[in-house]
Amino acid sequence: MSIVSRFVLPLRVLLVMVFLGLLVAQVMSFPGEFLFTTEEGPRMDPWRWPMLLFWELEAVCLQVVIVCIWRLLTLVQRDRIFTAASLRWVDVIMWAFVVAWLVLASMAGSLVAYIYFTPELRDPGLPMVLIGVTLIGAVLVLLIAVMRDLLRQATSLRTDMEGVI
């Protein structure tokens, strides 16, 4: 039994747990947090719907990635990871990351502008964190794109090797 085979089942269990956790958050936690709380006062009232939409979209993107990883694990188990089918799933992961990053960048930009133009909120800490998280997200999107290209190259090399053998 290879090391990959030993990790597939625990990884799938964790993926199911994360998926279900995201589902519970989407249905119960996010609406309760952003729509029914009044502790923040009227300053944050215009951000309730955008924040709810932001977190719901981010959760959906993560759920799409989880489903794709599940499919890729199936291909790994069947020793079919270096095929065109795996490239399709990685493409979906990449586009889910792109969508998540675009949503993140737009929300971060909106919040930074809101903080900047609201004198009582002017604090450089939160905008710096938002910009930092957005930059980290961009790094992840580019990393996924590079890894996708590496998979494409490995798939091409494996196809060539199988043709020679």
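Scope of the values below: all heavy atoms of this structure, side chains included, with no hydrogens, waters or symmetry mates.
Hydrophobic clustering (side-chain heavy atoms under 4.5 Å, transitive across Ile, Leu, Val, Met, Phe, Trp, Tyr) keeps V18 apart from L9. Residues L135 and M128 are members of separate hydrophobic clusters, defined by side-chain heavy-atom contacts under 4.5 angstrom among Ile, Leu, Val, Met, Phe, Trp and Tyr. L140 is not connected to V60 by any chain of hydrophobic side-chain contacts under 4.5 Å among Ile, Leu, Val, Met, Phe, Trp and Tyr, and they are in different clusters. At a threshold of 4.5 Å between side-chain heavy atoms, the hydrophobic network of Ile, Leu, Val, Met, Phe, Trp and Tyr places L102 and M94 in one connected group. Using a 4.5 Å cut-off between side-chain heavy atoms of Ile, Leu, Val, Met, Phe, Trp and Tyr, with links allowed through other members, V98 and L150 fall into different hydrophobic clusters.
Residues passing the side chain to side chain donor-acceptor pair (under 3.5 Å) test with D91, sequence neighbours excluded: R148. Applying the side-chain contact (heavy atoms from CB on, under 4.5 Å) criterion to W49, with sequence neighbours excluded, gives L35, L52. Scanning for side chain to side chain donor-acceptor pair (under 3.5 Å) contacts around Q77 gives an empty result, with sequence neighbours left out.
Separation of atoms OG1 (T134) and CG (L130) is listed at 6.5 Å; rounding is to 0.5 Å. Going from atom CD1 of I136 over to atom CG of L104 covers 10.0 Å, rounded to the nearest 0.5 Å. Taken from CH2 in W95 to SG in C68, the straight-line distance is 14.0 Å, to the nearest 0.5 Å. Here the CD1 atom belonging to I81 is positioned 8.0 Å from the OG1 atom belonging to T155, to the nearest 0.5 angstrom. Between atom OG of residue S110 and atom CD1 of residue I115 there is a gap of 11.0 Å, rounded to the nearest 0.5 Å. One distance of note links CG of L20 with CG of L15; it measures 11.0 Å at 0.5 Å rounding.
The minimum heavy-atom distance linking V65 with A96 is given by the pair CG2-CB, 3.8 Å. Looking at every heavy atom in both residues, F82 comes nearest to A154 through CE2-CB, 3.5 Å. Residues A25 and P31 approach most closely at O-CD, 3.9 Å, considering heavy atoms. Of all heavy-atom pairs spanning F30 and W55, the tightest one is CE1-O, 3.6 Å.
Contact annotation: the side chain of V24 never approaches that of S29 to less than 4.5 Å [non-hydrogen atoms, C-beta and beyond]. Taking 4.5 Å as the limit, every side-chain heavy atom of L62 sits out of range of all side-chain heavy atoms of F19. Counting heavy atoms from C-beta outward, V90 and L72 have side chains that approach closer than 4.5 Å. Side-chain contact check for I66 versus L22: some heavy-atom pair is nearer than 4.5 Å. Between M51 and M107, some side-chain heavy-atom pair lies under the 4.5 Å cut-off.
For R80, the CZ atom counts as loosely surrounded, since its 6.0 Å shell holds 12 or fewer non-hydrogen atoms of other residues, nucleotides or ligands.
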message: Run the side-chain contact (heavy atoms from CB on, under 4.5 Å) test on L23 and Q26 for me, step by step, so that the C-alpha distance in whole Å, both residues' side-chain angles and the decisive distance to 0.1 Å come before the verdict.
response: CA-CA 5 Å; L23 196 60; Q26 283 176 293; 3.9 Å; yes
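No side-chain donor-acceptor contact under 3.5 Å links W89 to the backbone of I69.
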